[in-house]
Amino acid sequence: RGEPNPRKLIRLRMPPGSGKALAGAGVDAVLLANNHVLDFGLDAFLDTLSEMKSAGLPALGAGMDSEEASALAALPPGGRLRLVGFASYPPESLGFKTADAAAGPSGPGINADEAGTIAAIRAARAAGNTVVVLAHGGAEYLAAPSAEVVSRYARFADAGAALILGGHPHVLQGIAARGRSLIAYSLGNFLFTGLEEPELSERSALIEFLLYDGEPRGFRIYPVIVRRDRTEPDPDAAGAEARFSGLCGALKAK
């Protein structure tokens, strides 16, 4: 359902059944706090929420109101791992911005409430849970995060989030430690079919994090090449690791 959003230049949509396909592939949760959930208006957004619910997938960072959009999901159900979704991205070329998609006290949308998210992180951490923030934000196609993003993600870490995992730039950015937290500023692309991307976006990675006793203890990367029709291991693993180390090292100046 839905009509093309006239304030969106690039509009993405998936067919019904995509939620079940994701669940069948082993996906445990989806981040819906992003800049594309209203590409086809409110009807399509509501269909997406329904699709995720029918597939049994937590829809992080989106809901029928701000309370639902900022809710933390437990993985596995009843477990002590808590995931929360958040979005804050730059205005698009036609002026569509985060506030246009934000949920309200009685209106559907995405979680863009930083103060509320920080409060939720603190509460979950105080209850003995391990919190992971999935954050959609930052400028696209830049190899390093902005000062604004660095500052915001630091506040999530200081509130008690063990991991802050960023997306939206379409390229890999480095990982930094802050206290007992790890911050991955952008996980880059993993599957991005049908649209032409810059060469910089093709070199990406899976990142595996080790959590022990509620805290991150390290990570490992699996370099991949993301093409329009497939994603495959990067044959130049050594070169990919060297490039990624450079991205991490560049964060020291932030």
Side-chain angles (χ1 to χ4, degrees), residues 10 12-14 18 21-37 39 57 60-61 83 85-90 92 132-146 149-150 152-153 156 161-177 181-211 216 218-254:
I10 297 176
L12 308 177
R13 73 190 317 178
M14 294 290 285
S18 297
L22 290 171
V27 172
D28 296 306
V30 294
L31 175 65
L32 293 185
N34 63 63
N35 59 309
H36 285 291
V37 289
D39 281 1
L57 290 174
L60 303 169
L83 276 65
F86 174 86
S88 180
Y89 44 82
E92 297 184 3
V132 177
V133 179
L134 301 182
H136 194 90
E140 295 181 334
Y141 307 112
L142 296 182
S146 67
V149 167
V150 170
R152 175 178 294 118
Y153 293 2
F156 290 153
L163 296 175
I164 299 93
L165 309 180
H168 182 69
H170 291 258
V171 295
L172 273 180
Q173 294 176 353
I175 292 178
S181 307
L182 286 176
I183 304 171
Y185 290 100
S186 174
L187 298 179
N189 289 342
F190 178 62
L191 292 172
F192 204 82
T193 60
L195 292 177
E196 203 67 62
E197 283 276 80
E199 185 177 352
L200 183 64
S201 297
E202 292 185 353
R203 296 190 177 276
S204 192
L206 284 171
I207 303 180
E208 180 180 64
F209 293 90
L210 172 64
L211 291 171
F219 64 90
R220 176 167 54 186
I221 72 166
Y222 299 88
V224 296
I225 300 293
V226 181
R227 308 192 189 280
R228 291 183 65 179
D229 60 341
R230 66 191 185 281
T231 297
E232 58 192 9
D234 188 337
D236 182 19
E241 291 185 7
R243 288 189 295 272
F244 190 72
S245 294
L247 294 174
C248 295
L251 294 171
K252 294 179 181 179
K254 291 288 182 178

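Quantities reported herein were computed from a predicted structural model and do not represent experimental measurements.
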Those residues that, when tested against E196, pass side chain to side chain donor-acceptor pair (under 3.5 Å) (two or more places apart): R228
Can you list every pair that meets salt bridge (Lys or Arg N to Asp or Glu O under 4.0 Å) and has a residue in residues 239-250, with sequence neighbours left out? D234-R243, D236-R243
Can you name the closest pair of heavy atoms from N189 and S201 and give their distance? ND2-CB, 3.8 Å
Please report the shortest heavy-atom distance between Q173 and L142, naming the atom on each side. NE2-O, 2.8 Å
In residues 21-28, what donor-acceptor pairs under 3.5 Å come from side-chain atoms, sequence neighbours left out?
none

Residue list, side chain to side chain contact (heavy atoms under 4.5 Å, CB included) with S181, at least two apart or on another chain: A157
Would E197 and V226 satisfy side-chain contact (heavy atoms from CB on, under 4.5 Å), going step by step from the backbone distance to the final call? CA-CA 9 Å; E197 283 276 80; V226 181; over 6 Å; no
For A87, side chain to side chain contact (heavy atoms under 4.5 Å, CB included) partners two or more places apart: A33, Y89, I110, H136
Can you confirm whether R13 sits close enough to D39 that some side-chain heavy atom of one is under 4.5 Å from a side-chain heavy atom of the other? no
Residues, nucleotides or ligands: over 12 heavy atoms within 6.0 Å of I10 CD1: no
F209: partners by ring-ring contact (aromatic ring centres under 6.0 Å, His included), with sequence neighbours left out: none
Ignoring hydrogens and angles, tell me if any N or O in the side chain of S186 forms a donor-acceptor pair with the backbone of V171 under 3.5 Å. yes
Can you name the residues that form a ring-ring contact (aromatic ring centres under 6.0 Å, His included) with F192, not counting sequence neighbours? H170
With L187, which residues qualify under side chain to side chain contact (heavy atoms under 4.5 Å, CB included), at least two apart? L165, A184, I207
Got a second to check how far L195's CG is from L12's CG, nearest 0.5 Å? 6.5 Å
Residues that Y222 engages under side chain to side chain donor-acceptor pair (under 3.5 Å), provided they are two or more places apart: E208, R220
